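Notes follow once the structure below has been shown.
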Amino acid sequence: MTEREVRVRFAPSPTGPLHIGGVRTALYNYLLARKLGGKMLLRIEDTDQNRFVPGAEEYILEALAWVGIVIDEGQGVGGPHGPYKQSERKPMYKQYADQLIEAGHAYYAFDTAEELDAMRARLQAAKVPNPQYNSITRAQMRNSLTLPEDEVKALLDGGAQYVIRLKVPRKEEVRFQDLIRGWVVVHSSAIDDKVLMKSDGMPTYHLANIVDDHLMEISHVIRGEEWLPSAPLHVLLYRYLGWESTMPQFAHLPLLLKPDGTGKLSKRDGDRLGFPVFPLEWHGTDAETGEATVSRGYREDGYLPEALVNFLAFLGWNPGTQQEIFSMDELIQAFSIERVSKSPAKFDQNKVKWFNEHYLRAKSNAELAPYLLTALHEHAIVCSQEKAEQIVGVMKERVSFPNDFWQEAKYFFQAPTEYDETVVSKKWNAPVAAALTAYAEALPTAPEVSAEGLKTLFNDTMAAQGLKPGQVLQALRVAVTGAAAGPDLFETLVILGVPEVTERLRTAVATLPAAA
RNA sequence: GGUCCGUUCGUCUAGGGGUUAGGACAGUAGAUUUUCAUUCUACCAACAGGGGUUCGAUUCCCCUACGGACUACCA
């Protein structure tokens, strides 16, 4: 077989926000494409007009861009095989369905929904293990295999509603080699006569998918495991269409499971478990009540895209080394489809958080400052870039998300109105208050406003007061920040500035009861 | 129910016929830190069960159990 260009595709349906499992599928496609020097395509599979959700397509594009997946060809980008949206390709599919009919591999079916229901009910009643429209049951249904030729023609000419179904052989083993699972064998009796063309003239996923993958010269189909059961059907389609020699290689990814219990991670789990299942925030409407809903997104929750990517890459894949931190480029270098595991993975909130902390700490203060500045701006607080950088600098070791900066660093901008009670009751007393007053008086004379300088001054002042620094330190922190814990105290004082610190010390001494 | 897929610490996983079954997250303890956090160190903790094959199986085979996906004119 000749080496052909590697072309992979990510093909979501615009039925809502792309979920995190979809992002991982896209990521693996992307990694393989880049690793092998191939192309990454994006195709929108919107053949179900009933499930179309406005905004979903834009969301998909934005989400992929945010995580850093670059599309080489496809929706939103263009390319030589367009259009890349199936609804716009509608006229292209019918000929292939016709080709299958002519070759005797497909047929017209005129059954109504009621007739289909009746058939299934009948089979169920007869305790047929797997009720389906197949090589046996099709003999009892109204289709071009059972109806006289002239009646079929009359129905067609008369504009009767019909679908085109694949004529799946009765006894045949269908096998294909999955890149992740090895040989997968399914007997054709387990496959039903799938609808290829719907009565609205749109192809179903199965037909559109195969036709488009063929036309777009896709070399590898990497998709979720939920597609594994229909893969044999797709193999049959390639065969009957005469495309078996260029059939793409399949790789079915293990599913992402709920963190608790079991079952695949679904869109609803996010709200239930308190973590996002979507890359970006999504504003939708409740299907039943019609009310506006908001679903959390990783981006809005403060996750860095590189952390999400690193985490997702390791859910079902690993490089075989002990390295865990990988940039996108490193992932591309290290990736191989053979190392994707077969078993499903539970989503681990702790691990994503850990990756996020790691990437947060690796960022420079200048990169992080905007997060604080944005929050400050929302609270109408003015702050210089320089000061913001200093603050995130002392804070980044202690937060998990950039969104936490504001909450944690509030006291740099607002004098405390409350003081941590435990510290006050344990550490605050008359001598301490007096010592802090002395420190407040000494501060303006500090020879050097640096963490070291203020610390020395503090120690000297305490010595003069006959106190050990340790007896007063906690009180100083509470007096200045209101909190019991925080970053290095003297760094904090420097950022606050001497005038502000003296002011706050005076307020604290005046406010807090110096009992005992 | 049927078909298919899967099963190593709580979680993500490495490994592989003979290993003290390795790492990471979480958890616990200690060190550092004026505090909290960070950091560092240590500890805890797993081959689903039963049959084979074999000198030897967690690793290969079979069965069972359990989990999952699919079973639409949805993708």
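Model, not experiment: these values are computed from the prediction. In what follows, chains carry the letters A, B, and so on, assigned in the order in which the sequence lines appear, proteins first and then strands, with residues in each chain numbered from 1.
- Between the P atoms of C43(B) and C4(B), the separation comes to 47 Å (whole Å).
- For the pair Arg339(A) and Phe335(A), the NZ or CZ position fails the cation-pi test of under 6.0 Å to the six-membered ring centre and within 45 degrees of the ring normal.
- Counting any heavy atom pair closer than 4.0 Å across all strands shown, Gly486(A) reaches a base atom.
- The partner of C60(B) is G52(B), by the rule that a Watson-Crick or G-U pair needs both atom distances under 3.5 Å.
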*Using a cut-off of 4.0 Å between protein heavy atoms and nucleotide atoms, how would you tag nucleotides 7-14 of chain B 5' to 3' with B, S and -?*
S---BBSS

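- U39(B) and A46(B): their P atoms are spaced 27 Å apart (whole Å).
- As rounded to whole Å, 20 Å separates atom P of U3(B) from atom NE2 of His252(A).
- Side-chain atoms of Asn130(A) lie closest to G1(B) of the nucleotides U38(B), G1(B), C5(B).
- For the C1' atoms, the distance from G16(B) to C60(B) is 11 Å, rounded to whole Å.
- Contact annotation for Arg477(A): base contact, defined as any heavy-atom pair under 4.0 Å involving a base atom.
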*Mind running side-chain contact (heavy atoms from CB on, under 4.5 Å) on Phe275(A) and Tyr298(A) for me, showing each step along the way?*
CA-CA 8 Å; Phe275(A) 69 94; Tyr298(A) 278 87; 3.6 Å; yes

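- Residue Arg165(A) places at least one side-chain N or O under 4.0 Å from the OP1 or OP2 atom of C73(B).
- One can place CZ of Phe458(A) at 13 Å from C1' of U35(B), the figure rounded to the nearest angstrom.
- Across all strands shown, Leu476(A) has no heavy atoms under 4.0 Å from either base or sugar-phosphate atoms.
- For A31(B), the paired nucleotide is U39(B), the pair qualifying as Watson-Crick or G-U wobble because both relevant distances are below 3.5 Å.
- Picking from C5(B), C73(B), A75(B) the nucleotide with the shortest atom distance to the side chain of Arg120(A) gives C73(B).
- Nucleotides C61(B) and C70(B) have their P atoms positioned 27 Å apart, rounded to a whole Å.
- In terms of modelled atom types and a separation under 3.5 Å, the side chain of Arg24(A) and the main chain of Leu315(A) share a donor-acceptor contact.
- Residue Asn310(A) is classed as having no contact, given no heavy-atom separation below 4.0 Å to the nucleic acid.
- Judged by atom type and distance alone, Arg51(A) reaches the base of C74(B) through a side-chain donor-acceptor pair under 3.5 Å.
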*asked:* Would Asn134(A) and Thr137(A) count as a side chain to side chain donor-acceptor pair (under 3.5 Å) here? Give the steps.
replied: CA-CA 5 Å; Asn134(A) 61 18; Thr137(A) 52; 3.1 Å; yes

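- Looking at heavy-atom distances under 4.0 Å, Val185(A) makes contact with sugar-phosphate atoms alone, never a base.
- Nearest-nucleotide assignment on RNA chain B puts the 5′-proximal partner with Leu228(A), out of Leu228(A) and Val352(A).
- Going from atom CG of Leu18(A) over to atom C1' of A75(B) covers 13 Å, rounded to whole Å.
- Note on Asp488(A): a base of the nucleic acid sits closer than 4.0 angstrom, heavy atoms only.
- Spacing of P atoms, C9(B) relative to U13(B), comes out at 11 Å, to the nearest Å.
- Contact annotation for Val195(A): backbone-only contact, meaning every heavy-atom pair under 4.0 Å involves sugar-phosphate atoms and none involves a base.
- Partner assigned to A72(B) is none, using Watson-Crick or G-U wobble distances below 3.5 angstrom.
- Between Lys396(A) and A37(B) there is no side-chain N or O to OP1 or OP2 distance below 4.0 Å.
- Between Arg477(A) and Asp420(A), no side-chain nitrogen of the basic residue sits less than 4.0 Å from a carboxylate oxygen of the acidic one, so the salt-bridge criterion is not met.
- A salt bridge links Asp48(A) to Arg51(A): at least one charged side-chain nitrogen sits closer than 4.0 Å to a carboxylate oxygen.
- Annotation: U34(B) and A29(B) have their C1' atoms spaced 23 Å apart (nearest Å).
- Comparing Lys455(A) and Thr112(A) against RNA chain B, the residue whose closest nucleotide sits nearer the 5' end is Lys455(A).
- Note on Lys264(A): only backbone sugar-phosphate atoms sit closer than 4.0 angstrom, heavy atoms only; bases stay farther off.
- In this structure, Asp192(A) atom CG and U71(B) atom P are separated by 9 Å, rounded to whole Å.
- When the P atom is compared between G30(B) and U35(B), the two are found 14 Å apart, to the nearest whole Å.
- Minimum atom distance to the side chain of Trp354(A) is reached by A26(B), of the listed C73(B), A26(B), A75(B).
- Between Asp193(A) atom CG and U71(B) atom P there is a gap of 16 Å when expressed in whole angstrom units.
- Residue Gln86(A) contributes atom CD, which lies 13 Å from atom C1' of C74(B) at whole-angstrom precision.
- In this entry the distance linking CD of Glu114(A) with P of C73(B) reads 13 Å, nearest Å.
- Remark: the Ser230(A) side chain and the C70(B) base include no donor-acceptor N/O pair separated by less than 3.5 Å.
- For the side chain to side chain donor-acceptor pair (under 3.5 Å) with Tyr93(A), the lone residue among Asp212(A), Asp98(A), Thr204(A) that qualifies is Asp212(A).
- Taking 4.5 Å as the limit, every side-chain heavy atom of Leu27(A) sits out of range of all side-chain heavy atoms of Trp317(A).
- Of all nucleotides listed (C70(B), U3(B), G6(B)), U3(B) comes nearest to the side chain of Ala190(A).
- Using a 4.0 Å cut-off between charged side-chain N and carboxylate O, Glu225(A) and Lys264(A) make no salt bridge.
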*Where do Ser400(A) and Glu357(A) land on the side chain to side chain donor-acceptor pair (under 3.5 Å) test, with the steps shown first?*
CA-CA 5 Å; Ser400(A) 298; Glu357(A) 288 166 349; 2.6 Å; yes

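- G10(B) and G51(B): their P atoms are spaced 24 Å apart (whole Å).
- Here C74(B) presents its P atom at 11 Å from NZ of Lys194(A), a figure rounded to the nearest Å.
- Contact annotation: Lys198(A) side-chain N/O to C74(B) OP1/OP2 distance is under 4.0 Å.
- Around the CD atom of Glu421(A), the shell of radius 6.0 Å holds no more than 12 heavy atoms that belong to other residues, nucleotides or ligands.
- Within 4.0 Å of Thr47(A), counting heavy atoms only, lie sugar-phosphate atoms of the nucleic acid but no base atom.
- Considering only the side chain of Val186(A), U3(B) comes nearest among U35(B), C5(B), U3(B).
- Remark: A65(B) base-pairs with U7(B); criterion is Watson-Crick or G-U wobble with both hydrogen-bond distances under 3.5 Å.
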